[in-house]
Amino acid sequence: MRQITGQIAPEGGALAFPIETTKRRKRRTAQLSEETLAAIGLYDHVTRLPNRKSFIEAHAPIPGNASEMLVLITLADAPHFNEILRALGHGFSEDFIRAGARRLGALLGPDVVIYHVSVLSFAFVVPYDGREEAPTIVREIARLFDEPLICDDIPIKTQAAIGLVEPGALDSSAEILRAALVAAQDGRSRNESYAWYDRRSDAAHRRAFTILTDLPRALEANDQLALHYQPRIDFRTGRCVAVEALLRWAHPELGQIPPGEFIGLAEKTALIGPITDWVLNQSVAQAGSWQRQGLDIAVSINASPINLAEPDFDARLIGLCHDFHVDAERIELEFTEGTLITNPEHTFGQLARLRDIGMKVAIDDFGSGYSNMSHLARIPADVLKIDRSFAFPLGTGSGNALLVGHIVALAKGLNLRVVAEGIENRNVWDRLKSLECDEGQGYFMARPMPPEDFVTWYRDAAPIV
Ligand code: C2E
Ligand code: MG
Ligand code: MG
């Protein structure tokens, strides 16, 4: 079927197809939109500046002998931008970005091409002869963005971070942009107005990324994660009364990764949920097995405060004790109190319900960071674990025995049992015993060990006096 279309001028302006078939029109429209799309794909729709793709197409990696460098500026970090977005809306946020681009353009002048490489970031290449720590222009940009951006007459504070990449640092344009972003973030975290790309910190970012991407596989594999158990000794009897379950990860390429590293990363993602589920399953099952073997010990399990914010955490843990036929008294839950409480009513409620059925609750690493004294009295807990940073100096005579004595008195006043962590030698053991701690944990008595080794140790160990 033939149909009459509008008189569309193809490139060149002549009216070549006043009448055309539907098929032909469709084909031509597709071609046009591909061209349009290609053009749109090279520009940012908010600032109309060339975008990341343009940068990559236009720039070969900067060779080592070049006298120019890459600068990337990020206007704000994500939380700050989200606040602007929430308070003032999308339109205003786009004005903020455009105002940033204008300010940068005014400073750099027409000869420097500015690329809008991600929502909040702009990149450009400037001359650099390697003699100065950073070219003057970089310091000027930093100073300029100290002043708020004016959008609709409202001054909005920026949180500019500037990343710099030396010539020859990397061999792909996409990598250079990523490196500049890493540098900007590094600078921001150190509160510096600009920072050079540094391979070492980039390696740390990459390692963190590998850890997070490999964790789900580790949870499914049955030979990467394991729990080791470290004895806790009663100072009066010298006997083991409990063990702490400590997670170990043997990564197929990276080797042993300490929990202090991967738990902290997982807590920033949803992965902390399945990790804790894995730990709870294994440790409650282990507690059940030891209960049947007649070992008279409790198993203390580390949980992240984020887990306690989950609505059914208590019910799941109680369910596990039921499934594995474990007396609730044999399970203790440890968490670090400094970061615990985003929703105290909810968290305290869960802890109280766990204690109602006989489980114990321990406050971990007490004194290591921020301790909220008003919360301390309200946390439904049974045990206070004094951070190991207090223990070591006691053995050398440089420790603050008076302070530890006060912590012990405070804990006892709150009806908490006191556990001292990090006892590495007899001196420390003796000092903490004389300060009336109830239990101790540390390499002096035993290191964390696989469950089979623990059973042997438990059966053979002489009381520590
Ligand atoms: P934490 O809960 O305070 O665990 C005690 C840490 O001190 C363990 O480190 C233990 O190996 C170490 N330690 C014990 N005795 C001594 C000693 O005498 N001297 C020294 N220098 N260190 C000693 P680890 O196993 O590397 O765990 C580090 C942290 O990672 C734990 O601190 C805990 O916060 C976290 N973590 C470990 N396993 C888990 C887990 O299953 N779940 C969660 N959420 N966190 C865990
Ligand atoms: Mg602990
Ligand atoms: Mg601890």
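Each ligand, and each atom within it, is numbered from 1 in the order the structure gives. Because the structure is a prediction, the values reported are computed rather than measured.
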### Message
Determine whether a donor-acceptor pair (N or O, by modelled atom type, separation under 3.5 Å) exists between the side chain of H322 and the backbone of H325.
### Response
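Side chain of H322 to backbone of H325: no pair is present.
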
### Message
Could you check whether any side-chain N or O of N425 sits under 3.5 Å from a backbone N or O of N427, counting only pairs where one atom can act as donor and the other as acceptor?
### Response
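Yes; at least one donor-acceptor contact below 3.5 Å.
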
### Task
Determine, using ring centers only, whether Y443 and W429 are less than 6.0 Å apart.
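Ring-ring flag for W429/Y443: false, centres at least 6.0 Å apart.
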
### Query
For the rings on H251 and F262, is their centre-to-centre separation under 6.0 Å?
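When the ring centroids of H251 and F262 are compared, they turn out to be at least 6.0 Å apart.
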
### Query
Name the residues in contact with ligand 1, where contact means a heavy atom under 4.0 Å away: which are they?
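Around ligand 1, where the cutoff is 4.0 Å for heavy atoms, the contacting residues are Q230, E244, L246, L247, R248, P259, G260, I263, V279, N302, A303, S304, E334, D364, D365, R388, E421, G422, I423, E424, G442, Y443, P448.
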
### Query
Near the Mg ion (ligand 3), which protein N/O/S atoms are found at less than 2.8 Å?
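Short answer, with waters excluded from the count: D364 OD1, D365 OD1, E421 OE1, E421 OE2.
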
Do other residues, nucleotides or ligands put more than 12 heavy atoms under 6.0 Å from the [atom1] atom of [X]?
{"X": "R188", "atom1": "CZ", "answer": "yes"}
{"X": "R52", "atom1": "CZ", "answer": "no"}
{"X": "K157", "atom1": "NZ", "answer": "no"}

### Message
Contact between L254 and T210 at the side-chain level, heavy atoms closer than 4.5 Å - yes or no?
### Response
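Sidechains of T210 and L254: in contact.
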
#### Entry: ring-ring contact (aromatic ring centres under 6.0 Å, His included) partner of W290, chosen from Y229, F324, Y458
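Output: one option passes, namely Y229.
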
